[in-house]
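Reviewing the structure listed below.
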Amino acid sequence: MIVKDQCKSLYAPWRQDYVTKPSEEKEMTTNKRNCPFCKKDRELLILEASKSYLQANKYPYSAGHLLIITKRHVNQVVELTSLEKKELFNLIDLSIYSLDILMKPEGYNIGCSIGRIAGESISHLHFHVLPRYKGDVGWNRVCDFNVVSVAPNDLAKNLKCIIGKNKLAKKFGLFV
Ligand SMILES: [Zn+2]
C-alpha cells in the first residue's frame, strides 16, 4: 500500500479492478447465476470443507486478507444450519492459526457485511479474516503505515502448503 500526497489519499492498486468495474456488473452479484462465490476461483482457493471454503481475497484490504465462503448461496447468518455455523468458526480458527505462521500479524478483524448499507458487495454470505499489522491503515488512521503486499495467488499457494504440511484441516475438525 502506498501513501500519496502526504497522507491525503491512499493507493491500493490491487483493488483497482474491483473499484473500476461497471456498477451493473456489481449489481449482478446478487444473482445466483452470476455469483462469483458460487463458482469457486481455483487460483485463490485454499481449502474446501464440506459446507464452506476458504480463499484468498482477490481484492485484499491488507496482506493476507482471506474470505470464508458458504457453499450455499445464502446471504443471512440466520439461514445457516448449525453444521455450517460450526464449520465457519473452525475455518476462522484455521485461518488465524495458518496466517500466524505465514504472516505473523499482530491482530485481526473478523466479520461480514450484510446488506448494501453495511457495505456488502456480493450478496453471498462470506466472512472476512483481515490480518492487522502495527502501523497499518486502521479504521481511524491513514498515515504512517507500512504494509507488505502479497499477491492473492501466492498467498493461496503458501497457505495451502502450510495447511497440508501441518494437517490443519484434521486438527480443526474440518472434513475435506
Ligand atoms: Zn452465490
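As the structure lists them, so they are numbered: ligands from 1, and atoms in each ligand from 1.
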Original post:
Do you know the tightest heavy-atom contact between Arg42 and Lys160?
Top reply: O-NZ, 4.4 Å

Subject >> Aromatic plane relationship, His65 with His128 - under 30° parallel, 30 to 60° tilted, over 60° perpendicular >> reply: tilted

**OP:** Taking the Zn ion (ligand 1) as the reference point, name the nearest N/O/S atom of His73.
**Re:** ND1

Subject >> Glu43/Lys58 salt bridge by N-O under 4.0 Å criterion >> reply: no

**OP:** Measure from the side-chain N and O atoms of Glu87 to the backbone N and O of Lys51, and report whether any donor-acceptor pair falls under 3.5 Å.
**Re:** yes

Original post:
Any idea which N/O/S atom from His124 gets closest to the Zn ion (ligand 1)?
Top reply: ND1

Original post:
With the Zn ion (ligand 1) at the center, what angle do SG from Cys35 and SG from Cys38 span, rounded to 10 degrees?
Top reply: 120°

